[in-house]
Amino acid sequence: NSRGKLMSNAEMERRKTAKELSSVLKRELNAAQLETLQGLEQFGWELKFIRRKPFQPSVAVVFDGDRKQFVVLELDGSLNEHPGFDIRQA
C-alpha cells in the first residue's frame with residue numbers, strides 16, 4: 001500500500017469483499033449511472049450502497065476517496081450533491 005506496509009490477510013480479505021460488494025451493487029445501476037460512476041471512479045469515488053425504501057425508487061450513494069463527501073447518483077446519471085438526507089458517520 002502507499003505507506004509501504006504489507007497488508008494483513010484480514011485487510012486483503014476486507015478489500016476483496018468490498019470489491020465484490022461493489023460489483024453486486026453495480027448490477028442495480030442503469031447505463032447512465034454506470035457511465036457516470038466509471039468517470040468518478042477515476043478520481044477515487046466509490047459506490048458505497050444503494051438506499052432502498054418501500055414504494056420509492058432506489059438511491060445510489062457514492063463517496064469520495066476520503067469519505068468526506070457523498071453524492072447521489074440519479075437515474076439519469078446526474079449527481080445530486082444535496083439529496084435531502086444525511087449519512088451517519090461510522
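Note that this is a predicted model, so its numbers are computed, not measured.
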Could you tell me whether the side chain of [Y] reaches within less than 4.5 Å of the side chain of [X], counting heavy atoms only?
X     : Y     : answer
Trp45 : Gln69 : yes
Lys48 : Phe63 : yes
Leu37 : Lys26 : yes
Val61 : Phe85 : yes
Leu79 : Leu40 : yes
Arg51 : Lys53 : yes

Show me the side-chain donor-acceptor pairs of residues 70-78 shorter than 3.5 Å, one per line, residues at least two apart or across chains.
from: Glu74; atom 1: OE2; to: Asn80; atom 2: ND2; distance (Å): 3.0
from: Asp76; atom 1: OD1; to: Ser78; atom 2: N; distance (Å): 2.9
from: Asp76; atom 1: OD1; to: Ser78; atom 2: OG; distance (Å): 2.6

**OP:** Kindly compute the distance separating CD (Glu28) from CG (Leu47), expressed to the nearest 0.5 Å.
**Re:** 9.0 Å
Original post:
Quick one: CG on Leu34 to CG on Leu29, what's the gap to the nearest 0.5 Å?
Top reply: 5.0 Å
**OP:** Verify the neighbour count for atom CZ of Phe43: are there more than 12 heavy atoms of other residues, nucleotides or ligands below 6.0 Å?
**Re:** no
Subject >> Ala32 backbone acceptor or donor facing Asn30 side chain under 3.5 Å >> reply: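 Such a contact is found between Asn30 side chain and Ala32 backbone.
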